[in-house]
Amino acid sequence: MSHTTPLRPFDVTALFPELAPLARTATRLHPRPGSPTPHDSSVGGPLLWPAEEPWPHCEGPHEWDRVNAVLSPEDVRLWRRSRAESASRRLRDPQGPWATPEELAAEERIMAGRPWPEGPIAMLPVAQLYVRDIPLLCPPTQSEANLLQILWCPFDHPAHPKTALFWRSAATVTDVLDAPPEPPAIQFPTYLPEPCLLTPEQVTEYPSYLELSKELQEQLGDWSRWQTVGSALDSSYEAAPEELYMDMLSISPGWKTGGWTRWGLTDPMPRVCSTCGTGAVPLLTIATTEWDDATESWEPEEDQANPTPLLPGTPPANFTMLDLARGHDLQLHVCPASADHPHIELIQ
């Protein structure tokens, strides 16, 4: 199934021509639960990893808060399957029990936890992106590379998982690692991505309101400018017209590559390569949710027509089952001068 972002209610550059030269193309990835293979672009799926290449491990430190149960990835998968079956049963029989005695006993065993791991921790696959699916995803200096792989350590370092990026040529991987190691434990269940397939879609974005000039911010706050669009205007934004720009007309929510950086948790800050000082550019946004109440206008048409029941207690459109910094996003920026330079991690 494809996923199509609804057209924006009107052309914001017709009202504010200064935005036109600031337009950028982003690729919304639209992750949805599936059964990816190593030959698919995916979130949380198996990687096309060479059998002869060591699997990445994180040396730590890995500290337990002594509050949350220590769960393995398989524990989390079993717990999710149990909750999914419970939710499905409740849809079939709203008066039925939330859980069977067998499910409650299994969940009790899972939540008893495991011993705290020691030593290096195997990293988890987060995303695999083929350039054939995302043509704008190009390595800066390795012309033969056509595959980007992102892994992370499922422990906070210090406030979110630590990521690792690998560019490679898919054609050079002739013997694929069948059973990569998994960490014996993860810090939170929401650090294990649910396997998802992708249906990439290109959209146009404009900068965050916080990155615009003061003059343009003042123009966006002038309700009389907005009123010229007529009936397409949502009058509920009259008290704060700039929020209309932020919610519906600038930066798309959810998982994406490229485009503009999201801000809001902090004011914009410089993102420069620590090796050469070159300004870093957005590579990938790892999102907690695909949209929320403020950004529901970006919900794909197909999802509006066929709403998917979600597990109780999860954020809206949380198809990957991730939750970063209590509902925020982890944005990765890279140096355009060299793929070998360190990347930047930004929570917003």
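Worth saying up front: this structure is predicted, and the values here are computed from it rather than measured. Scope of the values below: all heavy atoms of this structure, side chains included, with no hydrogens, waters or symmetry mates.
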| request: Count the heavy atoms of every other residue, nucleotide or ligand shown that sit under 6.0 Å from CD of Glu52, and state whether that count exceeds 12. | output: yes

| request: For Gln331 and Ile347, run side chain to side chain contact (heavy atoms under 4.5 Å, CB included): C-alpha distance rounded to whole Å, both residues' side-chain angles, the deciding distance at 0.1 Å, then the answer. | output: CA-CA 6 Å; Gln331 301 178 82; Ile347 284 283; over 6 Å; no

| remark: Scanning both residues in full, the closest heavy-atom pair of Val43 with Pro193 reads CG1-CB, 4.0 Å

| request: Report the distance from atom OG of Ser88 to atom CG of Asp93, rounding to the nearest 0.5 Å. | output: 11.0 Å

| field | Between CD on residue Glu107 and CG on residue Asp75, distance to nearest 0.5 Å | value | 11.5 Å

| field | Centroid-centroid distance, Tyr237 to Trp226, less than 6.0 Å | value | no

| said: Side-chain heavy atoms nearer than 4.5 Å, only ILVMFWY residues, links allowed to pass through others: does that put Leu324 and Leu124 together? | reply: yes

| query | Quick one: OH on Tyr191 to SG on Cys153, what's the gap to the nearest 0.5 Å? | reply | 10.0 Å

| Of the non-hydrogen atoms in Pro61 and His157, which two are nearest, and what is the gap between them? | O-CE1, 3.3 Å

| salt_bridge(Asp156, Lys162) N-O dist < 4.0 Å | no

| task | Among Thr163, Leu346, Thr285, Val126, find the residue that satisfies the side chain to side chain contact (heavy atoms under 4.5 Å, CB included) test when tested with Leu330. | result | Thr163

| Arg28: which of Thr5, Thr4, Leu198 passes side chain to side chain contact (heavy atoms under 4.5 Å, CB included) | Thr5

| query | What distance separates Met321 CE from Thr288 OG1, expressed to the nearest 0.5 Å? | reply | 13.0 Å

| field | For the student: nearest non-hydrogen atoms of Glu302 and His3, plus distance | value | OE1-CA, 3.3 Å

| message | Would a single hydrophobic cluster contain both Tyr245 and Leu216, if residues Ile, Leu, Val, Met, Phe, Trp and Tyr are joined by side-chain heavy-atom contacts under 4.5 Å? | response | yes

| Geometric cation-pi criterion, Arg83 with Trp98: 6.0 Å, 45° | no

| said: Centroid separation under 6.0 Å, is that true for the rings of His328 and His160? | reply: no

| If you measure from OG1 on Thr257 to CG on Asp133, what distance do you get to the nearest 0.5 Å? | 11.0 Å

| message | Using the ring centroid of each side chain, check whether Trp116 and Phe155 are separated by less than 6.0 Å. | response | yes

| query | Should Glu85 and Arg92 be marked as a salt bridge (Lys or Arg N to Asp or Glu O under 4.0 Å) after you check the CA-CA gap, both sets of side-chain angles, and the distance that decides it? | reply | CA-CA 11 Å; Glu85 174 57 33; Arg92 298 191 303 268; 3.4 Å; yes

| Value rounded to 0.5 Å, distance of NE2 in His343 from SG in Cys273 | 12.0 Å

| message | Any non-hydrogen side-chain atom of Pro300 less than 4.5 Å from a side-chain atom of Trp291? | response | yes

| query | So does Arg77 pair up with Glu182, basic N to acidic O under 4.0 Å? | reply | yes

| said: Any carboxylate oxygen within less than 4.0 angstrom of a Lys/Arg side-chain nitrogen, looking at Arg81 and Glu74? | reply: yes

| request: Examine Leu147 and Phe166 and state if one hydrophobic cluster contains both, with Ile, Leu, Val, Met, Phe, Trp and Tyr joined whenever side-chain heavy atoms are less than 4.5 Å apart. | output: no

| task | Please tell me if the side chains of Pro268 and Thr261 come closer than 4.5 Å, counting only heavy atoms from C-beta onward. | result | no

| Does the pair Arg168/Glu53 count as a salt bridge with the N-to-O cut at 4.0 Å? | yes

| field | Single-linkage hydrophobic cluster Ile251~Ile344, side-chain heavy atoms < 4.5 angstrom | value | no

